[in-house]
Amino acid sequence: MDNSPKQPLTQTDKGHVRRLMIFLALVYLAEGLGQVSGLINQPLNYYLKTVFGWSPDRITEYLTVLTFPWVIKPVYGLISDFIPLFGYRRKTYLFLSNLIAVLAYLWMTRVTASDQIIVALCLTAFGMAASSTLCGAVMVENGKKYALSGTFVNQQWLWFYIASVGTSFAGGWLAEHMSPTGAFHTAALIVAFAPIGVMFGCWFLIAEEKAQINMKALGLSTKALFKTFKSRVIWVVGGFLFLYNFSPGFGTPLYFHMTDDLHFSQEFIGILGAIGSIGSIIGAFVYMWLQKRMTLKALLNLSIFLGIISQGSYILLAGQTSAIVLGIINGIIGMIALVASLTLAADYCPDGSEGFAYALLMSVNNLATQLSANIGAIMYVKVFHYHLNPLIIVSAGFTAVAFVLVPFLRLGNKMPGEKAKLD
């Protein structure tokens with residue numbers, strides 16, 4: 001069935017799209033603030049490094065458990081699809097998941113022990129992951145309906161990085177001007193307020209009728225799930241996303257390198273994060289221009305090529321000036337690569353299981369990213385003995401392998417957002 005619109009959007013459709021765009025902005029502002037990569041990120045790394053004296057691989061290993069809530073994203077989609085909560089499949093679950101994140105961050109302001117911190121972080125990760133999954137289901141369903149997948153994905157990540165600009169500045173300032181414990185607890189307190197906008201937005205911006213458990217609908221949904229797993233395209237796209245994101249990461253090693261070798265202040269490292277996020281915002285607008293002029297295949301190949309250059313360019317990191325230039329360039333390139341790959345995932349979700357399929361592909365994406373971070377940190381410490389440049393070269397080399405995978409996607413001349421041909 002072709003879900004692309006046959007006629008220009010009606011005024012009713014345009015109103016629905018506008019409300020959806022506002023909702024996506026609210027969710028991803030909260031995600032940008034509230035995820036462990038958000039405001040809490042630098043104060044947390046600073047706390048673990050200075051208070052506990054942990055190495056990069058130890059910190060990465062400690063935080064690995066936070067990937068689990070993101071890897072099981074399909075479970076949230078299944079529960080929401082099959083079991084309405086107080087009569088709603090989306091609204092109540094969105095409200096509850098964001099409430100869990102708020103309460104967990106408030107608890108985090110009171111704890112200092114590593115075992116309690118990781119439990120609180122896990123609760124926030126469950127809340128953020130569930131919220132992201134439900135938002136993704138709404139996005140994919142409407143993206144296919146209006147042929148706006150690329151636009152919706154771009155909207156999500158544009159606001160994510162708008163939030164990241166502020167969180168990077170704030171996180172760096174807190175780490176520089178407060179004690180490690182004070183910076184960590186203050187960041188947790190600020191972030192606790194981030195999901196509240198989503199809690200209100202899900203009630204006023206999403207049009208949803210009350211529902212009950214419907215055994216007939218459950219049977220149809222089950223058939224759609226089996227169809228997802230039997231789809232060759234889903235397996236190919238999932239394999240591509242895994243290998244596309246699987247290159248030894250150097251995020252935490254880079255933080256240690258900038259702190260210990262280049263002697264950057266915590267405040268300047270925060271500024272660099274904000275600069276990278278500004279680059280990502282620019283990249284979102286660049287992608288808006290590119291998606292109207294390039295096929296999805298061309299965009300993926302371009303993003304791989306730029307990714308190789310992006311990662312390899314960190315060999316040139318020598319001081320503050322080069323760090324600023326690299327931050328803005330890599331922010332632009334990273335955003336183009338991210339939106340291109342997620343548009344691929346959104347366009348190839350089978351009809352009838354869009355939410356589950358998209359969550360499944362995002363789980364693959366998240367798993368590959370976390371494995372890359374772990375392997376990169378281990379290689380930095382145990383193989384390259386705290387030398388960053390060899391890890392940069394290896395990472396860029398792994399990214400180049402993704403070129404080989406693009407032909408297997410059989411994209412042809414498909415444009416971003418255009419209905420995909422599924423087997």
Side-chain angles (χ1 to χ4, degrees), residues 21 24-25 27-29 31-33 35 37-38 41 132 135-136 139 143 148-169 240-241 244-245 247 249-251 254 269-314 316-317 322-347 362 365-366 368-369 372 392 395-396 399-400 402-403 406 415-417:
M21 295 284 269
L24 294 177
V27 172
Y28 272 75
L29 278 171
E31 295 281 331
L33 286 165
Q35 287 187 23
S37 60
N41 180 55
S132 173
C135 176
M139 184 275 294
L148 291 173
S149 296
T151 300
F152 287 155
V153 171
N154 203 53
Q155 170 80 348
Q156 289 177 320
W157 291 98
L158 170 64
W159 287 99
F160 181 92
Y161 283 108
I162 287 174
S164 295
V165 173
T167 61
S168 298
F169 276 120
F240 173 81
L241 289 175
Y244 185 73
N245 289 278
S247 59
F250 50 88
L254 180 62
I269 293 173
I271 291 171
L272 288 178
I275 289 171
S277 296
I278 291 171
S280 297
I281 294 169
I282 296 171
F285 288 104
V286 172
Y287 184 87
M288 289 181 192
W289 185 84
L290 291 175
Q291 71 173 344
K292 298 176 182 178
R293 293 163 176 81
M294 298 180 69
T295 64
L296 185 56
K297 179 180 179 181
L299 272 172
L300 288 173
N301 280 321
L302 176 64
S303 69
I304 295 168
F305 173 73
L306 293 177
I308 296 168
I309 295 175
S310 169
Q311 290 168 311
S313 66
Y314 271 96
L316 303 175
L317 179 62
S322 58
I324 292 171
V325 174
L326 289 171
I328 194 79
I329 292 174
N330 283 280
I332 295 171
I333 292 173
M335 186 64 166
I336 294 171
L338 175 67
V339 179
S341 64
L342 297 189
T343 299
L344 170 73
D347 285 349
M362 292 305 95
N365 194 75
N366 296 330
T369 301
S372 299
I392 291 171
S395 182
T399 299
F403 274 127
V406 175
M415 298 297 291

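None of the values given here were measured: they were computed from a predicted structure.
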Colleague: On a heavy-atom basis, which atom in Thr369 and which in Asn365 lie closest, and how many Å separate them?
Modeller: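 Thr369 and Asn365 have their closest heavy atoms at OG1-O, 2.9 Å.
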Colleague: Do Phe285 and Asn154 come close enough that some side-chain heavy atom pair is under 4.5 Å?
Modeller: no
Colleague: For a 4.5 angstrom cut-off between non-hydrogen side-chain atoms, does Leu24 reach Trp159?
Modeller: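 The answer is no, as the side chains (C-beta and beyond) never meet within the 4.5 Å cut-off.
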Colleague: Are side-chain heavy atoms of Leu254 and Leu317 found at a separation under 4.5 Å?
Modeller: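 Yes - at least one pair of side-chain heavy atoms lies under 4.5 Å apart.
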Colleague: Got a second to check how far Ser277's OG is from Ile282's CD1, nearest 0.5 Å?
Modeller: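 Interatomic distance, Ser277 OG to Ile282 CD1, rounded to 0.5 Å: 11.0 Å.
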Colleague: Between Gln156 (side chain) and Tyr28 (backbone), is there a donor-acceptor pair under 3.5 Å?
Modeller: no
Colleague: If you look at every heavy atom in Met288 and Lys292, which pair is closest and at what distance?
Modeller: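 For Met288 versus Lys292, the nearest heavy atoms are O-CG, 3.7 Å.
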Colleague: Verify whether one side chain among Glu31 and Ser132 offers a donor that lies under 3.5 Å from an acceptor in the other.
Modeller: no
Colleague: How many angstroms lie between CD1 in Ile336 and CE in Met294, if you round to the nearest 0.5 Å?
Modeller: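 Output value for this atom pair is 9.0 Å.
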Colleague: What's the separation between atom CD1 in Ile324 and atom CD1 in Ile275, rounded to the nearest 0.5 Å?
Modeller: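 If we round to the nearest 0.5 Å, Ile324:CD1 and Ile275:CD1 are 4.5 Å apart.
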Colleague: Indicate the atoms forming the closest heavy-atom contact of Ser37 with Phe160, along with that distance.
Modeller: OG-CZ, 4.1 Å
Colleague: Between atom CG of Leu326 and atom CG of Leu272, what is the distance when rounded to the nearest 0.5 Å?
Modeller: 9.5 Å
Colleague: What pairs with Phe403 under side-chain contact (heavy atoms from CB on, under 4.5 Å), at least two apart in sequence or on another chain?
Modeller: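 Result, side-chain contact (heavy atoms from CB on, under 4.5 Å) vs Phe403: Asn301, Ile304, Phe305, Ile308.
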Colleague: Using modelled atom types and a 3.5 Å cut-off, is there a donor and acceptor pairing between side-chain atoms of Thr167 and backbone atoms of Ser164?
Modeller: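 Checked: pair present.
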Colleague: Quick one: does Leu338's side chain get under 4.5 Å of Tyr161's, heavy atoms only?
Modeller: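 Contact flag for Leu338/Tyr161 side chains = yes.
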Colleague: Would you indicate whether the side-chain heavy atoms of Met335 and Trp157 approach each other to under 4.5 Å?
Modeller: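 Side-chain contact under 4.5 Å: yes.
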Colleague: CE of Met415 to CG of Leu299: how many Å apart, nearest 0.5 Å?
Modeller: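 Between atom CE of Met415 and atom CG of Leu299 there are 8.0 Å.
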Colleague: Going from CG on Leu300 to NZ on Lys297, what distance comes out if it is rounded to the nearest 0.5 angstrom?
Modeller: 10.5 Å
Colleague: If you take all heavy atoms of Gln311 and Ala396, which pair is closest and at what distance?
Modeller: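 Between these two residues, the closest heavy atoms are OE1-CA, 3.7 Å.
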